[in-house]
Amino acid sequence: MQWEVVIGLEVHAQLSTESKIFSGAATAFGAAPNAQACAVDIALPGVLPVLNRGAVDRAIRFGLAVGAEVRKRSVFSRKNYFYPDLPKGYQISQFDLPVVLGGEIAIFVDGVEKTVRLTRAHLEEDAGKSLHEDFHGMTGIDLNRAGTPLLEIVSEPDMRSAKEAVAYAKELHSLVRYLDICDGNMQEGSFRCDANVSVRPKGAEKFGTRCEIKNLNSFRFLERAIEYEVSRQIDVIESGGVISQETRLYDSVKDETRSMRSKEEAHDYRYFPDPDLLPLEISEDWVEKARHSLPELPHAKRSRYVSEFGLSSYDAQVLTSSKEIAAYFEEVVGIYSDPKVCANWVMVEISGWLNKSGIEIADCPISSRSLAGLLVRIGDGTISGKIAKEVFEAMWNGEGEADAIIESKGLKQISDSGALERIVDEIISNNPSQVADYRGGKDKLFAFFVGQAMKATKGQANPAQLSEILKKKLSA
Amino acid sequence: MFNSSLRALSAMLAERKISSVELTQEFLARIDRHNPDLNAYITVDPEKSLAQARIADSMIAEGRMQPMTGIPVAQKDIFCSKGWLTTCGSKMLSGFVSPYDAHVIEKFNAAGAVNLGKTNMDEFAMGSSNETSFFGPVKNPWDRKAVPGGSSGGSAAAVAARMAPAATGTDTGGSIRQPAALCGISGIKPTYGLVSRYGMIAFASSLDQGGPMAKSAEDLAIMLNLMAGHDSRDSTSLVRDEEDYTRDLDCPLEGLRIGLPKEYFAKGLSPAVEKAVQAAISEYQKLGAKVVEISLPNTRLSIPVYYVLAPAEASSNLSRYDGVRYGYRAQGYGDLVEMYEKTRAEGFGAEVKRRIMIGTYVLSHGYYDAYYIQAQKLRRLIARDFSEAFGQCDVIMGPTSPSAAFDLGEKSSDPVEMYLSDIYTIAVNLAGLPGMSIPAGFGENGRPIGLQIVGNYFSEAKMLNVAHQYQKNTDWHLRMPSIE
Amino acid sequence: MSISTGDVKRIARLSRIAVNDAESEAVLSQLNEILGLIEEMQAVDTSGIEPMSHAQEIVLRLREDVVTEKDQHEAFQKDAPQVEAGLYLVPKVIE
């Protein structure tokens, strides 16, 4: 049977506020245990929550960026359950009246654009952390993360493959960083995905029973967990079993998902509106202010790269995939105004070397200004494209700016036609038989002469000029 | 001196007839003498109190005196007080030393008032008789066999027995007014949102409100001046211009329209209470007030509505007591769930557990709409009853409690019977209105009876005026129980 | 509507309160009595009435995004039943 995969994602994006969503404690990562857990965060008797304007503002920005409805009135509810990292015994979240409703995200898979609809996005507080290292067989609780603001972004079950799910997650990841509402640091847990996965016979209308895979903190794990889960579900069904709705964990070491020990009672979160908080009202004015403060978003940037720079839509897509790469590219174009050349160098050389070194563009050893400096030297004929790669490597290794490297290594292109003619003359006189063969019709030997000339000039001959002189002299 | 008003005490302090240290020592000595019997205080810490009194004396010496400077005040053990044991009447918090001050405590401290001790209360303020306290019941100073009312029974008994000039209380369904009535003192629950709930241990967040308990309306006004005010740490705290609640105390009552809800004078009201309330109304008529009959048709429903909403909120508010970060933790557990279950089974008393379970049930899947949402809708109807009534009258009067104080143990085995005794006070909390109780006589058994006065939102100054004028013309509030 | 012993067990579990078999009968009858009291409100027609969550119809005030709290974990942990290395300790949590 042909199976169709159905995936919906719930993404928890940690909002980049200075302080927590309901308290004045810091949100910085990496503090000593419980050093950033204030009276409100540890739920001392008598403490009360007060909502952080910065968290709401970020939710509004997100809502506007995805074309969603930013609701004038939303309500915070309590989700009640006991867990040691949940100090109040409830999580303050939004339930039936979330701050952001609807919206959509465009994704590209194999060059094809697809729209994923969003159900909602709501504000909530994060829980603390349980540390299972050995404390005499006990678990240690660190509440520094408790109360960190989260935006939970819920998609419709619109994705049909792990690849699409990853494309969606990446697009969302890029978007929250463009918006500057989340640092996107997946290792630190700032951007976490839960995937709802089900399968159904191709053509069926009804969704299959879904399983939720929790806490996928890298795109690779997201893809592999879904792929594993899909094949697991198909295996179960094809061998006559049924899928039971459950929460599963992805084990990246074994590369498999496994059922979380099923709770003895069904979840009954007893949601009700938090009496400590009144309804959140967002004025038209606030929304308009947020709208005006939005940066250029990825899709707008993409179409501008196509129309203004004449790039292909693929190139535009790659260059806008992250805020930082787009910014780098735009800085290079700002200095060296040949967008296609700039795009190539950023996409091929810069991206390739970054990948090879496993670093982010923020840590790129060649600044946008330096790269532009190199491109200027190609453009004005000082060096050839081939020599430029050598210069690039030297720049990457910290040997200095393009000009200095060209100078110190004597890589300047030979464009002096008198000098080139003398070299060509010498080659012709030293290789009479090859000259005779070429003249006799062996056109392929042209490359031999180019090679000889390049060897003689250590690759510094201006290729176009050299070729012209060679042609002239050989045909004479 | 024990019978002196706050104004008189303040004058004595200002004139250096007595120092705050001496005044505090006098009350501490009184507590020493009477508390072993009455059990009104859970914690007394003379060293801490006297240290505060010394600060107050230096404030007075430096001429930095405010109306409450140097005056000792009993604090209900629901207000977190830094460095003080803050138990909320529960075994769960029997060892909890608060690391911070409630907003209300901060205000008293800043004004140079002296914390005289932490008063006994029903566990987590759940109760109408003070019998649910882990620290044992408080006895009514008028009759040791009687309950003092609850949940602020310790504060009421402390003021009644003159073991404190004034005290704080909290009122979720009548917890200031009913013990005030049963102990023969005055108490006011302000409009919801007037007094910050920050640091006031939560029972039912949408109903809880702190307020003063004292011997007279004038004292209440002075206390409320200090307690009320916006606090940015409480999202439900109201932003309002500062008010002087003493400003209207002396206004004449000529033309005052008093609404008498017919539902408050129906079946279930004891004859003695009815008689006392009617006598008080007659007194008001003599002072120029007019009486209007009004109707609060949904009064009857306030009990079921309250006993859905308050336990629902409480069940969630009390989830934080899990033995992880503070408070009691049971011994001898196998795993985490067992640690939770044993800790909460042993740390909470029977009434608190009942309410947590009721609350859990009404919020649970499949019952939420029928219970919680229905109760919230009825809450609106109850609030509407009042807003319609206030179209016809300026204040509403009636009994605070259906009877004078009942005997210790009389209702403690029958929760529903106990709940029904809150019939006249609960609706005021549901609507968020201000309500107060002042002494208005005694029953046949010599136990005090309270008159309840309910005002419209933010009409505290008017209510205090209405109460003060009555107290200028009667002496019920000056009577004190026969203890040395 | 009255509840059963099974309901009591479920509610007690959700509430994380141990109720042994001996207690559960007494708890059951008390809860049923309270539910009987509450039941009275079911008879009222409330269609078209907005639920009321708060006494005051006011808008939520917001805090500015500013860090105001300092590290106080040592003071806070004086009240804790069991701590080590700044962490609160609980019986092993199994995921």
Side-chain angles (χ1 to χ4, degrees), chain A residues 17-20 22-28 31-42 44 50-57 75-76 80-85 89 128 130-132 135-143 249 260-261 264-265 268 270 272-275 277-281, chain C residues 3-19 24 31 35 38 41 46 49-95:
Chain A
T17 53
E18 296 293 317
S19 64
K20 292 188 177 172
F22 296 117
S23 82
T27 54
N34 289 303
Q36 284 173 180
C38 74
V40 172
D41 304 324
I42 68 167
L44 282 182
V50 183
L51 182 60
N52 183 341
R53 178 184 300 280
V56 180
D57 199 59
V75 168
F76 286 93
N80 294 281
Y81 65 95
F82 287 89
Y83 206 75
D85 66 14
S130 303
L131 304 166
H132 305 291
F135 293 104
H136 331 292
M138 300 188 87
T139 291
I141 305 296
D142 178 6
L143 299 173
L249 275 182
M260 283 176 80
R261 222 163 49 116
E264 286 163 65
E265 83 241 12
D268 188 342
R270 289 157 285 136
F272 75 106
D274 191 333
L277 294 163
L278 299 152
L280 166 64
E281 299 202 1
Chain C
I3 58 170
S4 65
T5 327
D7 293 322
V8 171
K9 289 228 165 91
R10 182 179 62 86
I11 297 163
R13 183 74 170 173
L14 271 175
S15 312
R16 293 289 187 272
I17 293 173
V19 176
S24 71
L31 294 191
L35 290 171
I38 294 170
M41 62 174 205
T46 52
I49 294 163
E50 265 294 293
M52 174 172 163
S53 296
H54 295 95
Q56 306 288 342
E57 305 269 330
I58 54 170
V59 174
L60 185 61
R61 267 180 304 101
L62 305 172
R63 291 181 21 244
E64 296 308 316
D65 179 20
V66 179
V67 175
T68 54
E69 299 301 312
K70 291 195 291 279
D71 177 10
Q72 291 191 73
H73 80 277
E74 279 179 23
F76 293 158
Q77 293 186 345
K78 284 187 186 141
D79 280 308
Q82 203 177 352
V83 286
E84 192 176 308
L87 298 162
Y88 297 98
L89 294 193
V90 297
K92 194 107 196 143
V93 176
I94 304 145
E95 296 227 333

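Lettering follows sequence order; numbering is per chain, from 1.
Of the two parts of A:Gln36, neither the backbone nor the side chain holds a non-hydrogen atom closer than 4.5 Å to a non-hydrogen atom of chain C. Only the side chain of C:Gln82 comes within less than 4.5 Å of a heavy atom of chain A; its backbone N, CA, C and O stay farther away. In this structure, no portion of A:Thr27 lies under 4.5 Å from any heavy atom of chain C. Looking at A:Ala32, neither its backbone nor its side chain comes within 4.5 Å of chain C, counting heavy atoms on both sides. With a 4.5 Å cut-off on non-hydrogen atoms, A:Leu277 touches chain C through its backbone and its side chain both. Contact of A:Pro279 with chain C is made through backbone and side chain together, with heavy-atom distances under 4.5 Å. Heavy atoms of A:Ala55 lying under 4.5 Å from chain C are absent altogether. Using a 4.5 Å cut-off between heavy atoms, A:Tyr81 makes no contact with chain C at all.
Under 3.5 Å, the side chains of C:Arg63 and A:Ser23 contain no donor-acceptor pair of N or O atoms.
For the options A:Arg270, A:Arg53, A:Glu281, heavy-atom pairs under 4.5 Å to chain C are most numerous at A:Arg53. Top candidate by heavy-atom pairs under 4.5 Å with chain C, chosen from A:Gly140, A:Gly54, A:Gly128, is A:Gly140. With chain A as partner, the option from C:Val59, C:Val90, C:Thr68 having the largest number of non-hydrogen pairs under 4.5 angstrom is C:Val90. No other option in C:Gln72, C:Arg61, C:His73, C:Gln77 has as many heavy-atom pairs under 4.5 Å with chain A as C:His73.
Remark: side-chain polar atoms of C:Asp65 are not paired, donor with acceptor, to backbone N or O of A:Thr17 under 3.5 angstrom.
A distance of 3.5 Å separates OH of C:Tyr88 from CD1 of A:Ile42, quoted to the nearest 0.5 Å. Atom-to-atom distance recorded for C:Glu64:CD and A:Asn52:CG is 8.5 Å, nearest 0.5 angstrom.
Take A:Phe272 and apply the ring-ring contact (aromatic ring centres under 6.0 Å, His included) test, not counting sequence neighbours, and it matches B:Tyr372.
Of the residues C:Leu87, C:Leu89, C:Val93, the one that meets the side-chain contact (heavy atoms from CB on, under 4.5 Å) test with A:Leu131 is C:Leu87.
A 4.5 Å side-chain heavy-atom check between A:Leu280 and C:Leu62 finds at least one atom pair inside the cut-off.
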